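Notes follow the structure.
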Amino acid sequence: MTKSQKKELLSIIIGAILLAAAVIVTKTVLKGPTWAVLLIFLVPYLWLGYKVLFDAVHGLVSGSFMDENFLMSVASIGALCIGEHTEAVLVMLLYCIGEFLEELAIGRSRSSIAALTDIRPDRANLEKNGEIIETDCENVHIGDIILVRAGERIPLDGIVIEGSSGLNTSALTGESLPRDVTVGDEVLSGCINISGTLRIKTVKEACDSTASRILELIEGASANKSKSEGFITKFAKWYTPAVIVIVILLAVIPPLFFNQSWSDWVYNALNILVISCPCALVISVPLTFFGGIGAASRKGILVKGSNYLETLSKCSTMVFDKTGTLTKGTFKIKRINAVGVSEEELLTLTAACERFSTHPLAHSILAYCGNRELPELSGNEELAGLGVRGTIDGHVICCGNIRLMEKIGVDCEECCEAGTAVYTSCDGKYIGYILIADEIKEDAAEGISRLQDKQSVRSVMLSGDRKLIAEETAEKLGISEVHYELLPEDKVKYMEDILADRSKNPVVAYVGDGINDAPVLARADVGIAMGGLGSDAAIEAADIVIMDDSIRKLPLAVGIAKQTVKIANENIAFALAVKFAVFILAAFGMSKMWMAILADVGVCLIAVLNSLRAMNSVNK
């Protein structure tokens with residue numbers, strides 16, 4: 001407990017002792033006039049209820065008094081006026097106990113979220129003129145060199161220029177396994193350097209770093225309220241005035257028109273005031289979504305608002321981009337098919353010819369060759385849209401697509417496998433091709449399978465790749481519906497068509513990672529960006545960000561969303577059902593005021609404790 005919570009607990013204990021003393025004195029020692037008894041009970045009453053009374057008066061003055069403080073004040077003062085002194089003080093005591101227990105429960109949730117946001121260091125070790133200076137992160141700029149020692153958090157995004165280490169990335173991705181980094185690797189702020197010292201060249205300002213953006217997402221999540229939260233806000237706005245009208249009618253009509261006892265019906269009406277406090281709904285529902293967002297954040301799933309979590313819980317169709325989302329976005333050699341030469345010779349000649357090309361396929365071939373020595377290339381020529389041509393040891397080598405072979409008159413058979421083939425000729429003679437393909441992410445098939453089987457979400461794939469590649473990828477992943485050879489505007493059109501068929505697709509999510517995915521992410525009911533390697537535009541347009549690009553996190557995110565909404569609905573149904581039942585009992589004089597406050601506080605406390613289950617829904 002915090003210092004203030006311990007102080008509050010002591011105040012409750014003193015109030016309980018004062019109430020017990022007042023009961024003993026008035027029952028055994030002082031059986032005098034009513035005003036004397038009232039004065040004695042006023043001591044514990046004011047000790048326990050002065051905050052409630054003050055807030056009620058403040059709300060009355062400001063014009064926003066329709067809350068639980070006003071209801072509790074009217075009910076307890078009314079009880080004092082009709083001689084139910086013990087009941088009046090007991091109302092305040094039980095209310096204080098309930099508030100205290102709720103604060104403890106809510107504090108647990110806040111502490112969990114606070115731990116998530118404690119990922120951005122305020123200071124950095126800046127290397128300047130050969131010295132290491134500790135300074136505020138705001139004083140470090142792009143291109144500066146910072147030093148991160150073992151055990152320290154990385155303060156800004158950057159590139160390792162010296163050293164190697166393992167990084168604890170759990171604060172960003174939710175994964176416990178460390179990630180090894182060395183010279184040339186990108187590192188993100190918020191990760192913990194486990195072992196060696198790293199010299200890092202910064203690539204972003206402090207305000208644009210990964211840790212800062214995560215904090216902005218978490219802190220801004222409360223601004224986007226779910227429909228359930230909006231319902232509770234509107235409900236409370238009309239609910240409290242309606243209760244007051246019902247209470248007045250209940251207190252006045254039976255005595256005036258049916259010759260009933262004024263004290264009995266006023267007491268019944270005051271009971272209803274206590275029962276009707278909407279705090280169980282007002283507190284528990286937002287806390288539930290707060291807990292769900294926290295549970296998702298701990299697993300590297302950042303949700304920008306509870307409204308998106310609620311929408312995701314109803315997701316029926318999830319549409320995927322292919323490259324960089326379902327695949328790694330890095331091309332590797334799949335097969336070498338040599339004709340008339342050895343595979344080694346084909347690879348060497350192709351790599352030498354592609355050495356100065358900027359095409360991603362050229363980079364893949366060179367990466368596959370590693371550090372092998374390549375022959376000298378002369379007369380290098382880039383043929384736009386076709387490939388490259390150069391001379392090696394007096395032989396003219398051409399490397400490129402099938403159109404290049406056709407243009408130079410080389411007869412070759414086109415590769416029919418999924419992937420992209422780089423064809424090579426030597427002095428006008430075809431010598432084979434190298435097939436290069438994107439790799440499917442290791443967890444993509446498992447993630448899609450769990451999404452479809454466990455969460456009952458249909459999968460669709462949209463791709464700009466050729467038909468053969470797209471269909472092979474979809475088949476390997478178990479995706480039945482695939483559309484291929486799409487431009488960015490074509491993806492938006494297909495998304496519009498999917499959204500138009502609401503009978504089949506009530507709620508549609510889109511998962512992407514690139515700049516070209518931003519329009520589709522924004523158009524979907526829920527946009528999900530793969531944030532680890534994803535573009536800034538995609539992350540900004542998305543409603544949910546998967547920090548480590550893991551497809552396996554998608555069924556987890558849907559599961560957390562469903563569990564959160566389920567708990568919120570349980571709280572609403574439970575609170576309304578209990579309140580209605582006790583309301584009926586009080587209306588017929590079958591409930592005492594202490595029972596009413598116990599029911600109200602009990603309902604609120606149970607609802608709050610149930611809300612905390614959302615914090616532990618990461619395994620659902």
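When reading the values below, keep in mind they use all heavy atoms of this one structure, side chains included, and skip hydrogens, waters and symmetry mates. As the structure is a computational prediction, the values presented were derived from the model and not from experiment.
- Using a 4.0 Å cut-off between a side-chain N of Lys or Arg and a carboxylate O of Asp or Glu, Glu472 and Lys334 qualify as a salt bridge.
- If you take OG on Ser313 and CD1 on Ile560, they are separated by 12.5 Å, rounding to the nearest 0.5 Å.
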Using atom types as modelled, flag every donor-acceptor pair under 3.5 Å from a side chain in residues 415-422 to any protein atom, sequence neighbours excluded.
| unit_1 | atom_1 | unit_2 | atom_2 | d |
| --- | --- | --- | --- | --- |
| Glu417 | OE2 | Arg335 | NE | 2.8 |
| Glu417 | OE2 | Arg335 | NH2 | 2.2 |

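- Looking at Asp513 and Thr325, their side chains do bring a donor and an acceptor atom within 3.5 Å of each other.
- Side chain to side chain, Glu485 and His483 fail the donor-acceptor criterion of an N or O pair below 3.5 Å.
- A donor-acceptor contact under 3.5 angstrom links the side chains of Asn193 and Ser165, judged on distance only.
- In this structure a side-chain-to-backbone donor-acceptor pair under 3.5 Å is present from Ser316 to Val507.
- For Glu152, the salt bridge (Lys or Arg N to Asp or Glu O under 4.0 Å) partners two or more places apart in sequence, or in a different chain, are Arg149.
- More than 12 heavy atoms of other shown residues, nucleotides or ligands fall within 6.0 angstrom of atom CD in Glu481.
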Derivation and outcome, side chain to side chain donor-acceptor pair (under 3.5 Å), residues Ser503 and Asp501: CA-CA 6 Å; Ser503 59; Asp501 187 3; 2.8 Å; yes
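- Within a 6.0 Å radius of OH in Tyr368, other residues, nucleotides and ligands contribute 12 heavy atoms or fewer.
- Atom CD of Glu439 is surrounded by more than 12 heavy atoms from other residues, nucleotides or ligands within 6.0 Å.
- For Asp157 and Lys201, the salt-bridge test fails: no basic side-chain N is under 4.0 Å from an acidic carboxylate O.
- With respect to Lys553 and Asp443, no salt bridge is recorded, no charged nitrogen being found less than 4.0 Å from a carboxylate O.
- When every heavy atom of Tyr510 is checked against every heavy atom of Phe320, the shortest pair comes out as CE1-C, 4.4 Å.
- In this structure, Arg153 contributes its side chain and Gly190 its backbone to a donor-acceptor pair below 3.5 Å.
- Under the 3.5 Å distance criterion, the side-chain polar atoms of Thr311 are matched with a main-chain donor or acceptor of Asn307.
- In this model, a donor atom of one side chain and an acceptor atom of the other lie less than 3.5 Å apart for Thr350 and Thr424.
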